[in-house]
Amino acid sequence: MHMTTTETRDARPARAGVLRDLRSPWEAVSNLTPNWFASVMGTGIIANAAVGLPVQLPGVRTAAAAVWVVAAALLVALTAGTVAHWIRYPAYARRHHRDPVIGNFYGAMAMAFLTVGIGAVLVGRDWIGLTAALILGTTLWVVGSALGLFFALLIPVLMVRGGHYRRDDAFAGWLMPVVSPMVTAAGGAVLLPYATGGVVRTSLLWFSYGCFVFTLITSLVVLPAVMLRLLRGPAWAPAMVPTAWIVLGPLGQSITAANGLGATAHLAVGDDLAAGLQRFGTDYGWTVTVAVLLWTSVALTLTARTALGTPNGLPYALTWWSFTFPVGTCATGFSAMSAATGATGYAVLAVVYFLGLVTGWIAAARGTLPRAPASGALLRHPELAA
């Protein structure tokens, strides 16, 4: 009742300019679901992938630093907006973690912190200095890792209790809660050279490998259900089809993590074990590359077929951000394989997937901007639209 009274009091005619469709500025935080953090992931991965490409053109690193700043600003804005959402619209907020679709995207919140934190060390240091970058990067890595492990355990339990893990409901978004520990593992490899003390380095290395194994096992549990849904139906709704690209996330990120940890393992363990871990990274990368290429063809086919078979093309939804981060992890993974093996093919693949990442980001941003800060319609909860 209080909310209705407030909205009535704040109601006013539609305005021109930013948030023109909202009756009250508060409505801008009424629909801030965890899905929004995918925009931070998708933006930040551009910076992280760009600085690791086998081919570095003049100005790329500066542009990457600028993109990292945008991702960091988005993270701050969405974090503040989420706090405001819980304060102003607690009834809506309490529904998210039990929603069979939205609840899975709490993993995006964790990965947003991790992506910006990793980017701080990789490229943000160019603008804020190494010391500040390490403090910020480590803090965000710890926060993102804690959130990721918490949601990776909580959300599947809630989904099971709610009866939401039925075969006919399977979609690639089920991977979102469990994939963030793999991002933690990749971030651990970035932080390892800056860790002080042998115990700290060894602990960081094995914790990262533990996160790697956790996501690997849980992904192998989820993926068969997703594939069976694709093979047997029922078909996904057109707006859900972009989530097919999420499957590339654990694949590409695991290649990145395996090679990153292998390349830095010598800092924490003996030479023989470090050499074995490095070999594991490259052998693993060769194997999973096949899965990446096969699934890319599947995702491309699904997306193209849906876009061409739908009267007005592929309908926009926040799921369009699935075109970004998962593709970016393949770019970072192939860059890591290029550095480890020297294979020209991996350098080519890294650049191709990076260009795909940028293309996906442009598509997602062009779909989101007119509906979010411009009109505000996407920011307003559907129950307030009447």
Side-chain angles (χ1 to χ4, degrees), residues 36-54 56-57 59-79 107-148 179-195 204 208 211 249 252-253 255-257 259-261 263-264 321 323-336 339 350 353-354 357-358 360-361 364-365:
W36 283 96
F37 284 90
S39 64
V40 180
M41 297 164 55
T43 303
I45 194 67
I46 293 179
N48 299 356
V51 295
L53 287 173
Q56 288 291 309
L57 299 176
V60 167
R61 191 170 182 90
T62 300
V67 172
W68 174 79
V69 170
V70 173
L74 277 173
L75 179 62
V76 171
L78 286 176
T79 301
M109 181 185 294
M111 287 186 278
F113 282 92
L114 290 166
T115 303
V116 174
I118 294 169
V121 179
L122 290 176
V123 66
R125 65 186 185 185
D126 293 356
W127 287 18
I128 64 176
L130 180 59
T131 301
L134 286 173
I135 293 173
L136 178 60
T138 303
T139 301
L140 292 179
W141 181 83
V142 170
V143 171
S145 297
L147 287 174
V179 75
S180 61
M182 190 65 80
V183 186
T184 290
V190 172
L191 292 174
L192 193 61
Y194 304 100
L204 178 58
S208 298
C211 290
Q253 195 67 277
I255 297 175
T256 306
N259 282 275
L261 291 171
T264 55
W321 287 98
F323 298 144
T324 57
F325 186 83
V327 179
T329 66
C330 297
T332 59
F334 290 147
S335 292
Y353 274 83
F354 179 77
L357 162 63
V358 174
W361 187 92

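Values below: every heavy atom of this structure, side chains too, minus hydrogens, waters and symmetry copies. Please read these numbers as outputs of a predicted model, since none were measured by experiment.
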**OP:** Please tell me if the side chains of V60 and V51 come closer than 4.5 Å, counting only heavy atoms from C-beta onward.
**Re:** no
Subject >> Separation of L130 CG from Y194 OH (nearest 0.5 Å) >> reply: 5.5 Å
Subject >> Heavy-atom closest pair, residues G42 and I46 >> reply: O-CG1, 3.6 Å
**OP:** Report the distance from atom OG1 of T256 to atom CE of M182, rounding to the nearest 0.5 Å.
**Re:** 9.5 Å
Original post:
Got T115 and V40 here, is their nearest side-chain heavy-atom distance under 4.5 Å?
Top reply: no
Original post:
Is S208 close to L192 at the side-chain level, that is, under 4.5 Å between some pair of heavy atoms?
Top reply: no
Original post:
Side chain of W68, backbone of V116: donor and acceptor closer than 3.5 Å?
Top reply: yes
**OP:** Using a 4.5 Å cut-off on heavy atoms from C-beta on, say whether the side chain of V67 contacts that of W361.
**Re:** no
Original post:
In Å and rounded to the nearest 0.5 Å, what is the CG to CG distance from L134 to L191?
Top reply: 7.5 Å
Subject >> M109 side, atom CE; T79 side, atom OG1 - distance, nearest 0.5 Å >> reply: 7.5 Å
Original post:
Can you check whether W36's main-chain N or O pairs, donor with acceptor, with S39's side chain at less than 3.5 Å?
Top reply: yes
Subject >> Closest contact, heavy atoms only, A112 versus M41 >> reply: N-CG, 3.7 Å
Original post:
Can you name the nearest heavy-atom pair linking L53 to S335, along with the distance?
Top reply: CA-OG, 3.7 Å
Original post:
Counting N and O atoms only, with roles assigned by atom type, does the side chain of W141 sit under 3.5 Å from a partner on the main chain of T184, one being a donor and the other an acceptor?
Top reply: yes
Original post:
With a 4.5 Å heavy-atom cut-off, do L357 and T324 have their side chains touching?
Top reply: yes
Original post:
Can you check whether A50's main-chain N or O pairs, donor with acceptor, with Q56's side chain at less than 3.5 Å?
Top reply: yes
Subject >> Whether F113 and F37 hold their rings parallel, tilted or perpendicular, with breakpoints at 30° and 60° >> reply: parallel
Original post:
Looking only at heavy atoms, what is the nearest atom pair of T329 and I45, with distance?
Top reply: N-CG1, 4.2 Å
Original post:
Taking all non-hydrogen atoms of both residues, which atom of A49 and which atom of A331 are closest, and how far apart?
Top reply: CB-CB, 4.3 Å
Original post:
Quick one: does I128's side chain get under 4.5 Å of L136's, heavy atoms only?
Top reply: yes
Original post:
Rounded to the nearest 0.5 Å, how far does CG of L140 lie from CD1 of I135?
Top reply: 12.0 Å
**OP:** Could you pull out the closest heavy-atom pair between A64 and A47, with the gap in Å?
**Re:** O-CB, 3.2 Å
Original post:
Do the side chains of L114 and L147 get nearer than 4.5 Å, heavy atoms only?
Top reply: no
